[in-house]
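These notes concern the structure reproduced below.
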Amino acid sequence: MFDYSKYLRASKLPHIWCPGCGHGIVMKSILRAIDKTGWEKDDIVVVSGIGCASRLPGYVDFNTLHTAHGRALAFATGIKLAKPKMHVIVVSGDGDALAIGGNHFIHACRRNIDITTIVFNNGIYGMTGGQYSPTTPDGDRSSTSPLGNMEPEFDVVKIAEGAGATFTARGTSYHVPQLDNYIHKALMHKGFSVVDVIEACYTTHGRVNKKKYPSNIDMLKFQKDNAIPIEKAKKLSEKELEGKIITGIFCEKERTEFTEKYQKIIDSFSGGEK
Amino acid sequence: MTGSKFEFIQGNIACAKGAAYAGCSFFGGYPITPSTEIAEYMSEYLPKNGGKFIQMEDEIASLGSIIGAALTGAKTMTSTSGPGFSLMQELIGYACIAEVPVVIVDIMRGGPSTGLPTSPAQSDLLQAKWGTHGDHPTIALVPSSVEEMFTETVRAFNLAEYFRTPVLVLGDEIIGHMREKIRIPDPGEIQIINRTVPDNSGICPLPYASDSGKPACIPNFGKSRFHVTGLNHDITGFPTMDPAIVARENERILAKIYEQREIVDKWEEIECKDADILMLSVGSAARAAEEAVKTLRNKGIKAGLFRPLTLWPFPKDTFVKYAERAKYIIVPEMNLGQLKTVAERFTKRSKIIPVNLVNGEPISPEHIISVTNYLNI
């Protein structure tokens, strides 16, 4: 059995997350993936913004930084560029990463800076009590979409790849062994990597959509029943894929990493004497 | 003065050279008139000297990036102007509560909103003090010359490192773009202060422990493990809602600066001791005020200038000393009365004569002198 005590700040537990929340599942998956890398704890920085997922850094024994809403990637970019030997991991909710932090997200993708971003995508603003986010499904009710969400959703993986990320994957909080694999691969990837983790928030999202999600268990079952691996999805029509969660590794490619390129420029002036 | 050299440069370049002198190794910025030359200079200087420059996607990201870099131990800076400074306000508060040293240069221009991008103004004197929410310490330095753009930028880094807090340099379009001859100080001529960093490794249990009224002694990321947050936190660095601790820590980040005024205060006084007309002015407006003082003195009128180089915290004790004996306090400024509100706090309102200009033009000595014509002195 995996020994989490090496990585957890036991005195900070229990965590704030509700029963039925996927954040604890994803945190453990991240810790198992980090363990597999063999990295020193001192060399790892976990950075977050604001929201439920963003409380994660407080629970894990690394260099941890809880920033302002939406700004995790801005801080993380400064850390990585100033000290490239650090392994920088950003944990962020869907509102944090894609609404208020959307600009930083696409530009971090474009730079291909060696940071791994895990999007805890539960399709709701949980911390503030359940307002619709950029990934709330069409028609779902929330405290600010009492008549049903009228806005279409973002596809995190498509945005990331379109903006220049060189590793993108999507998993769920139900399919845990696969998620471990995606996160580990993202961590080992040189360049900007994104793992979109489909999760559920029963407390603020499920409870106001009882017909669709009768219980927190049903929300996990929803992930189980609707996830389709990318290989299988390729054979299905757009109509057949409607409302489905396509999982797997979407892109994994090589492109010059930003901080390495920067170091080469610096070295060309210092004559290799440093 | 061996090896000393003189240069004829604009204020923004002097600012960048001051940052280099102070040991700045990381700059995150976003282009905005009239500050852009600072970023342009750093974009070449830093990579050629082992440092890092990055052009971020906006001013919020710029400040975020330098706070992140500062947490790894780097001395960091950004530069901007009014609209960008407005965007930075939230993270200025973050750097205050998390006690992260950064230098923010604001080359002020006309406002509100996009305003007058290429014209001078002193539009952000109060935003510098009150722009971010919550009670927080503010250190803001206001240079009046190209030479001071260099020396005050060095001082900004020293104060940021010493107090572990963001320090603002409020230039303006005139000071930023004006060219003057300055002597670049020799290395070591101006003392350079570096933050105190604990040398423990492994877990750092109390990164925000501090003596009463002193800055915290926080390790750099990569040396030992600890937590940083913008939530109110205790000495462990972790969030707390304990009223006693929240109050104590909120008060400490103010006290660490306001109880060491001898380190942060700086002003210039010209003919203040017997002044009947005392002028209170900063930045480029103070240059006109100084000229007006000379002209008035030549006419036999006892005029003087009190010019804070550290505007925040305001050097009130010395100002009050001169303001009390003066018959009139003239406050020339390129806004509609921001510095005037400060004077009003510390002296009789009836004595104060504002001189304001918000049309994008500099205040002239003649303009200031004209208001003295009808005074009973």
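Keep in mind it's a predicted model, so treat the numbers as computed, not measured. Side chains included, hydrogens not; waters and symmetry mates left out as well; all remaining heavy atoms used. Quick note on labels: first sequence line is chain A, next is B, and so on, each numbered from 1.
Contact of Q263(A) with chain B is made through the side chain alone, with heavy-atom distances under 4.5 Å. Neither the backbone nor the side chain of R110(A) comes within less than 4.5 Å of any heavy atom in chain B. Neither the backbone nor the side chain of I66(B) comes within contact range of chain A; no heavy atom of the residue lies under 4.5 Å from a heavy atom of that chain. Only the side chain of P239(B) comes within contact range of chain A, judged by heavy atoms closer than 4.5 Å. Residue K80(A): no heavy atom, backbone or side chain, is found under 4.5 Å from chain B.
A salt bridge is defined here as a Lys NZ or Arg NE, NH1 or NH2 lying under 4.0 Å from an Asp or Glu carboxylate O, and E57(B) with R111(A) meets this definition. With respect to the salt-bridge test (charged N to carboxylate O, under 4.0 angstrom), the residues K223(B) and D42(A) do not qualify.
Distance alone, capped at 3.5 Å, is enough to place a donor-acceptor pair between the K83(A) side chain and the F221(B) backbone. Listed for the R225(B) side chain is a donor-acceptor partner under 3.5 Å among the backbone atoms of D61(A).
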Chi angles and distances behind the side-chain contact (heavy atoms from CB on, under 4.5 Å) call for Y262(A), I54(B): CA-CA 10 Å; Y262(A) 210 110; I54(B) 187 166; 5.7 Å; no
Could you go through T64(A) and V228(B), starting from their C-alpha distance and side-chain angles, then the distance that decides it, and tell me whether this counts as side-chain contact (heavy atoms from CB on, under 4.5 Å)? CA-CA 6 Å; T64(A) 57; V228(B) 177; over 6 Å; no
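To the nearest 0.5 Å, the span separating CZ on R71(A) from CG on L91(B) amounts to 7.0 Å.
Across S62(B), P47(B), A61(B), the residue that shares the most heavy-atom pairs under 4.5 angstrom with chain A is P47(B).
Between Y94(B) and F75(A), the two ring planes are perpendicular [angle over 60°; tilted spans 30° to 60°].
Summarising the geometry of G222(B) relative to K85(A), their closest heavy-atom pair is O-NZ, 4.4 Å, with the distance given to 0.1 Å.
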